[in-house]
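Before any comments, here is the structure.
In the text below, chain A, chain B and the rest are named by the order of the sequence lines, each starting its count at 1. What you are looking at is a predicted structure, and each value in this text was computed from that prediction instead of being measured.
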Amino acid sequence: MGRMSDDPAVSDELPEYAERVLAVAERIPPGRVMTYGDVAEWLADGGPRQVGRVMALYGGAVPWWRVVRADGLLLPGHELRAMARYRDEGTPLRTAPRTAEGHLPRLDMKRARWDGREAPGNGRGDGS
DNA sequence: AGCGTGACGAGTA
DNA sequence: ATACTCGCCACGC
């Protein structure tokens, strides 16, 4: 491969931006979530759509269910997978007030959103 | 070059 | 509460 093509980033490893996004995703503690926009903001680079693209392409290698949309809507096509994780991790969900079917719960962003400030050691911050 | 699309987000109606 | 619009930026046609 002596080809020093002008594309050093296209080798066998991911683009650096993707690496950073995945690193943040890995950093999110169980039971908590970060929005695409939060990840971008935390990285101080790119935007929610760029983070979303990375997750779509390489998210399978990290806890993808902890990177969610700002509106708390579950990832279409993976609702059940994510659901199982949330139930297992105890991620705060908002149960639909109405007992309607097909109406899957959404994340309680108010409580589940994580800023990335510090480890949740004692997650007990049941914000009343 | 433009144009549409997307694992987004915030604002407005 | 939902629906729609616009801004955003990378990618593919």
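- In this structure, A:Arg94 CZ and A:Arg111 CZ are separated by 9.5 Å, a value rounded to the nearest 0.5 Å.
- Looking at A:Arg32, its side chain does come within 3.5 Å of a backbone N or O of A:Arg113 through a donor-acceptor pair.
- In terms of modelled atom types and a separation under 3.5 Å, the side chain of A:Glu79 and the main chain of A:Gly77 share a donor-acceptor contact.
- For DNA chain C, no neighbouring residue in residues 33-44 of chain A is found when judged by any heavy atom under 4.0 Å.
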Throw together a table of side-chain donor-acceptor distances under 3.5 angstrom for residues 60-71 of chain A, partners on residues two or more places apart or in other chains.
residue, atom, partner, partner atom, Å
A:Trp65, NE1, A:Glu89, OE2, 2.9
A:Arg66, NE, A:Glu89, OE1, 3.3
A:Arg66, NE, A:Glu89, OE2, 3.3
A:Arg66, NH1, A:Ile28, O, 3.0
A:Arg66, NH2, A:Glu89, OE2, 2.7
A:Arg69, NH2, A:Asp71, OD2, 3.3
A:Asp71, OD1, A:Leu73, N, 3.1

Expected list for residues 43-56 of chain A: side-chain donor-acceptor pairs under 3.5 angstrom, two or more places apart:
residue, atom, partner, partner atom, Å
A:Asp45, OD2, A:Arg20, NH2, 3.3

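- Listed here is the closest heavy atom pair of A:Trp42 and A:Asp115: CD1-O, 3.7 Å.
- A heavy-atom distance below 4.5 Å is found between the side chains of A:Leu93 and A:Tyr86.
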Contact string for nucleotides 7-13 of chain C, one letter per nucleotide 5' to 3', B = base within protein heavy-atom range under 4.0 Å, S = sugar-phosphate only, - = neither, reads BBBBS--
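- Listed by chain and number, the residues in a side-chain hydrogen bond (donor to acceptor under 3.5 Å, both in side chains) with A:Thr35 are A:Asp38 (sequence neighbours excluded).
- A:Arg85 and A:Asp88 are not joined by a salt bridge, as no carboxylate oxygen comes within less than 4.0 angstrom of a charged side-chain nitrogen.
- Remark: C1' of B:dC8 and CZ of A:Arg106 are 15 Å apart, rounded to the nearest angstrom.
- The stretch residues 71-84 of chain A has no heavy atom under 4.0 Å from DNA chain C, so no residue of it qualifies as close.
- Of the possible donor and acceptor atoms, one in the side chain of A:Arg27 sits under 3.5 Å from a partner among the backbone N and O of A:Gly116.
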